[in-house]
Protein chains: 2
Amino acid sequence: MSSRRAPRPAVATHNAQRPSPWRASRERLRDREVKREAVIRAAAHAFNRKGYHNTSLDDIAAALEVTKPTVYYYVTSKEQLLFQCFVAGVEQIRAAFREVKRLNVPARERLKAVLRHYGEAVASEFGWCMVRAEDQDLSPAMSGHIKALKSEIDQGIRRLIRDGIQDGSILPCDPKMTAFALAGALNWIAHWYRENQSMTGAQIAEVFVTVFENGLRPRASAAEGSTRGSARRRARQPAAALAR
Amino acid sequence: MSSRRAPRPAVATHNAQRPSPWRASRERLRDREVKREAVIRAAAHAFNRKGYHNTSLDDIAAALEVTKPTVYYYVTSKEQLLFQCFVAGVEQIRAAFREVKRLNVPARERLKAVLRHYGEAVASEFGWCMVRAEDQDLSPAMSGHIKALKSEIDQGIRRLIRDGIQDGSILPCDPKMTAFALAGALNWIAHWYRENQSMTGAQIAEVFVTVFENGLRPRASAAEGSTRGSARRRARQPAAALAR
DNA sequence: CATCGATCATACTGATGGGTAGTAATCCTA
DNA sequence: TAGGATTACTACCCATCAGTATGATCGATG
């Protein structure tokens, strides 16, 4: 009941995916910024796998094949590390909003584009930090920054929903609650998605967006896409499969 | 940067909502089960507010106006405490599935009923524990139990979706991904919902279910419910509101 | 080659918090 | 009211871990 944390790898095994810039060449590298980013990335990776509280700075240092003071040479605190990971993830979403502003299509299409990027970001390496970083783990100042960024995104989604209702491309609904539902479904991807799974983040986001768009209830208009004509077959019958 | 945890209340202030069974009467109470449940509930409340790792057993004991060894008299470890909270929450959802089995309506209606209860459970006091308890915080044994329970619920939702596609009450879709989307949106409620908010858990679940059912795209059939006739107004126009 | 500044490791501190040993108070029963 | 069982508290142990003091090492530069 004490050794639930995975034994820290003695020399960072199978980490070949992104080799440490330190051990890349035998000598120390000059590039401070490269190394700083490597620290952030290693932290995100570790948080992603073991959670914030179960990751020690020694773990992160070990993954980079350096020691803890070296990590502290590039960041000021563990908290700041988490914050940096968060920002890295959120920035992807903010970029999506900026990009979409230029599109000249109904708001529902713009919303879909944003949600696709959103899903990709959440499935990325920084997804965990974006989504599972809790206010309680951070100082009030950091927490405030994060809340502001999250709120910006939330408000952006709500606005797209409102615009969509305006231009008729989205069914009238409560923008706030609908934004919560959409963002929640996408955020949750970070809880179950692991890399080298069958689907990429983009593919998942695509499927989700389609579900949101169409809804569960079959549509009356038969001339819709290729949804296998004979829906509504056996409707209203007491389902046979229920008994078991 | 050290005192980010809220100062523990000296004598458990404003906890009148559910008074400690210890201090209820001046003498000790006999009822072991009542007190055990009070410990679980206090833990859930604390986890809910401050997170698992930021809650010490001293905190929980203080909330009950007892000391740490007293808490250990009723539970064997902090981990087990989290597990109990989890089970308490999940049981509500399992009950919903059992209840719904008796309904003789299309699968979409049964799914809706389950999701309503699901949303209520997630918005309840145990929502946090159900949803945010991470595998990494638990021993492999506990983690296994929890995964099994979660999987049972997941499979139940997928089955309802499949049944709905069968009986024509649900639009053909990928049951797995759709279940992830629905459960994710509802799970996320635990991240933002706080009690004494304007809406109850049931109301939120109701709104969410409606969104899922209808989808975002306006429906062609105008004879649907009371969705304010003139949707599709201004459709396909480059939205005027876009410029700003 | 001497020196300076940047970079990194060894070895520590201080605090937190899960968990426990031993004991005291209380209750129930006879 | 004696005495065992139950229930609770005081005081402690010890592992973990964020963060740091200090000094070694390396590369560049003159």
Side-chain angles (χ1 to χ4, degrees), chain A residues 1-8 11 20-36 38-39 43 46-47 50-83 136-139 142, chain B residues 1-8 11 20-36 38-39 43 46-47 50-83 136-139 142:
Chain A
M1 210 159 287
S2 64
S3 67
R4 94 186 26 130
R5 196 162 304 119
R8 63 193 62 174
V11 184
S20 165
W22 280 266
R23 294 299 177 272
S25 70
R26 293 307 281 277
E27 299 101 43
R28 312 186 206 184
L29 282 182
R30 285 238 74 75
D31 222 299
R32 187 174 174 83
E33 208 43 46
V34 169
K35 288 198 255 187
R36 187 183 149 88
V39 171
F47 294 157
K50 312 199 301 181
Y52 180 68
H53 289 283
N54 294 324
T55 300
S56 72
L57 282 174
D58 280 320
D59 292 334
I60 296 170
L64 294 165
E65 296 174 74
V66 294
T67 53
K68 190 163 55 172
T70 302
V71 173
Y72 273 99
Y73 188 73
Y74 292 96
V75 296
T76 67
S77 68
K78 189 182 181 184
E79 179 182 47
Q80 197 217 15
L81 207 43
L82 177 58
F83 181 69
Q136 303 115 357
D137 301 333
L138 298 167
S139 67
M142 291 269 173
Chain B
M1 210 158 286
S2 63
S3 66
R4 91 186 29 131
R5 195 163 305 117
R8 63 192 61 174
V11 184
S20 167
W22 282 267
R23 293 299 177 274
S25 70
R26 296 303 284 276
E27 297 100 44
R28 312 188 206 184
L29 282 180
R30 278 240 74 71
D31 225 302
R32 189 177 172 82
E33 209 41 48
V34 168
K35 288 197 255 187
R36 188 184 148 86
V39 171
F47 293 157
K50 312 199 301 178
Y52 180 70
H53 289 284
N54 293 325
T55 300
S56 72
L57 282 174
D58 279 321
D59 291 336
I60 296 170
L64 293 166
E65 296 175 72
V66 294
T67 54
K68 189 165 57 172
T70 302
V71 172
Y72 272 98
Y73 187 71
Y74 292 96
V75 297
T76 67
S77 68
K78 188 183 182 185
E79 180 183 46
Q80 197 217 15
L81 207 44
L82 177 59
F83 181 69
Q136 304 116 355
D137 300 334
L138 297 168
S139 67
M142 292 269 173

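Just so we're on the same page: letters track the sequence lines, and every chain starts at 1.
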Problem - N or O in side chain of A:R32 less than 4.0 angstrom from C:dA6 OP1/OP2 - result: no
Exercise for the section: Ignoring the backbone of A:S77, work out which of D:dC9, D:dG19, D:dA8 is nearest its side chain. Expected result: D:dG19
Exercise for the section: Assign each of A:P69 and B:K68 to its nearest nucleotide of DNA chain C by heavy atoms, then name whichever residue's nucleotide is nearer the 5' end. Expected result: A:P69
Practice task
Grab the NZ-P distance between A:K78 and D:dT20 for me, whole Å please.
Solution key: 15 Å
Practice task
Would you indicate, yes or no, if C:dT7 has its OP1 or OP2 atom less than 4.0 angstrom from a side-chain nitrogen or oxygen of A:Y73?
Solution key: yes
Completion exercise
Rounded to whole Å, CD of B:Q80 lies from P of C:dG18 at a distance of 15 Å
Problem - Over all atoms of both residues, closest heavy-atom pair of A:L64 and A:A38 - result: CD2-O, 3.9 Å
Practice task
Could you state the atom-to-atom distance from CG of A:D58 to C1' of C:dC12 in whole Å?
Solution key: 13 Å
Exercise for the section: Report the distance from atom CG of A:L81 to atom P of D:dG19, rounded to the nearest whole Å. Expected result: 10 Å
Handout entry: Nearest-Å distance for atom pair NE2/C1', residues B:H53 and D:dA18
Key = 16 Å
Handout entry: By ring pair (Phe, Tyr, Trp, His ring centres under 6.0 Å) - contacts of B:Y73 (at least two apart)
Key = none
Fill in the blank from the handout: B:Y72 OH to C:dT23 C1', in whole Å, measures 20 Å
Exercise for the section: Whole angstrom is fine here: how far is it from CD1 in A:I60 over to C1' in D:dA18? Expected result: 11 Å
Practice task
Using salt bridge (Lys or Arg N to Asp or Glu O under 4.0 Å) as the criterion, list what pairs up with B:K78, not counting sequence neighbours.
Solution key: none
Practice task
Measure the shortest side-chain to side-chain distance between B:E79 and B:Y52 over non-hydrogen atoms and say whether it is less than 4.5 angstrom.
Solution key: yes
Fill in the blank from the handout: With the side chain defined as heavy atoms from C-beta on, B:L57 is closest, among C:dA9, D:dC9, C:dG18, to C:dG18
Exercise for the section: Mind checking the CG-CZ spacing from A:L138 to A:F83? Nearest 0.5 Å is all I need. Expected result: 9.0 Å
Exercise for the section: Measure the distance from CD on A:E79 to P on D:dC17 and round it to the nearest whole Å. Expected result: 18 Å
Problem - A:T70 side-chain N/O to C:dC8 phosphate OP1/OP2 under 4.0 Å - result: no
